[in-house]
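Below: the structure, in structure tokens.
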Amino acid sequence: MHPQNIVILGTGGTIAGRAANVSDNIGYTAAQVGVEELLAAIPTLAQAGTVLTEQVAQVDSKDMSFAVWAKLAARVSHYLAQPDVQGIVITHGTDTLEETAFFLQALLAPAKPVVLTCAMRPATALAPDGPQNLLDAVAVARHAGAQGVVAVCAGVVHGAADVQKAHTYRLDPFTSGDAGPIGYVEEGRLRQLRSWPQAQAGRVQAAAGTIASLASTAVPRVEVLMNHAGAGGAIVQALQAQGVQGLVVAGTGNGSLHHELEAALLKAQAAGIKVVRASRCTAGRVLPTPADAIPDSDGLSPVKARVQLILQLLA
Ligand code: ASP
């Protein structure tokens, strides 16, 4: 293989979506177009060095599953271990992109770049955004010194721990919250503002056992709950009765909880269920106090805290 290979793994999403009408940007079916075909729409990619492709999955990312994550993590690990692979790009739906990005970073902490990219408009749109996003993602994967799992969309590079879908429709739907983006891609060049996600030596090799567990049926059940006006404890009791192993609660504000919900969560915690307190606010983080009876999510959003807890329970 060429020493500067980029591997593009297809998983589906709107970037691979098809609509019956070119001016329909929402009434489409996601995950229809193969990754090879997506590349064919970008002739300049072939001029920029060797690009290999593999279709790992073809799903609307709202339906993302542990089985797909296990397969994806296995293929990403495989390619990361190849000395002639410079970086990996993953085409993905926007809906759960932040969960997949965080999952891969938490699991693999790679020393090479793993760049997730996506689109808000289907491939058949009058003016699709996917081709430029894919081109920008490859530019980031080729950038000397790039490392870790990042997302590239609308010319913005977000770190896996910070990226969050914050808009339902705009072509630039992601935010990195308080952290801000890692950088911007402008005409194929990266203007970097802050550091890459941290790499950890040996993590890719060490992840093999976790990947195998994810592929099995024994994935721990961790659910996300939300605090809100009138919240009670019944949902906690129902989940406890079903054998839930972990609960992440999206608290209000600084992780605050309705006293009835909190009482139920404390009982669940005393019974051995792992409970974590995040916030339903999209920015900021839960600031711990010495009086906290339920641990906070260490700055992670509820869905990312859930991924973290699943990985902890698997370990
Ligand atoms: N439902 C789509 C998905 O996440 C949305 C998108 O890709 O923008 O796969």
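Counting starts at 1 for both ligands and their atoms, following the listed order. Because the structure is a prediction, the values reported are computed rather than measured. Keep in mind that the numbers below use all heavy atoms, side chains included, and drop hydrogens, waters and symmetry copies.
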key: Member of Asp298, Asp178, Asp162 meeting the salt bridge (charged side-chain N to carboxylate O under 4.0 Å, His left out) criterion with Arg285   = Asp298
List, one per line, each side-chain donor-acceptor pair under 3.5 Å for residues 28-41, sequence neighbours excluded.
{"residue": "Tyr28", "atom": "OH", "partner": "Thr14", "partner atom": "OG1", "Å": "2.4"}
{"residue": "Gln32", "atom": "NE2", "partner": "Ala30", "partner atom": "O", "Å": "3.0"}
{"residue": "Glu36", "atom": "OE2", "partner": "Thr53", "partner atom": "OG1", "Å": "2.6"}

request  = With atom 4 (O) of ligand 1 as the reference point, say which of Ser61, Ala31, Gly12 has the nearest heavy atom.
outcome  = Ser61
Closest to atom 8 (O) of ligand 1 (judged by heavy-atom distance), picking from Thr94, Ile15, Thr11, Val59 = Thr94
ask   = Is there at least one pair of N or O atoms, one from His92 and one from ligand 1, spaced under 3.5 Å apart?
value = no
key: Heteroatom distance test (Lys165, ligand 1): nitrogen or oxygen, under 3.5 angstrom   = no
ask   = Can you tell me the protein heavy atom closest to atom 5 (C) of ligand 1 and the distance?
value = Thr14 OG1, 3.1 Å
inquiry  = Taking 4.0 Å as the limit for heavy-atom contacts, which would you say applies to Ala119 with ligand 1: side chain only, backbone only, both, or neither?
reply    = backbone
ask   = Which atoms of ligand 1 sit under 4.0 Å from any heavy atom of Asp60?
value = 1 (N), 2 (C), 3 (C), 4 (O), 9 (O)
query = What about Leu239 and Met226, same hydrophobic cluster or not, with Ile/Leu/Val/Met/Phe/Trp/Tyr joined at side-chain heavy-atom distances under 4.5 Å?
reply = no
request  = Give the intermediate values and the outcome of salt bridge (Lys or Arg N to Asp or Glu O under 4.0 Å) for residues Arg75 and Glu54.
outcome  = CA-CA 9 Å; Arg75 297 315 288 155; Glu54 183 176 324; 2.8 Å; yes
ask   = Sub-3.5 Å donor-acceptor pair from the side chain of Gln242 to the main-chain atoms of Val244, do we have one?
value = no
task = Only counting residues at least two apart or in another chain, list the ones meeting salt bridge (charged side-chain N to carboxylate O under 4.0 Å, His left out) with Lys165.
result = Asp95
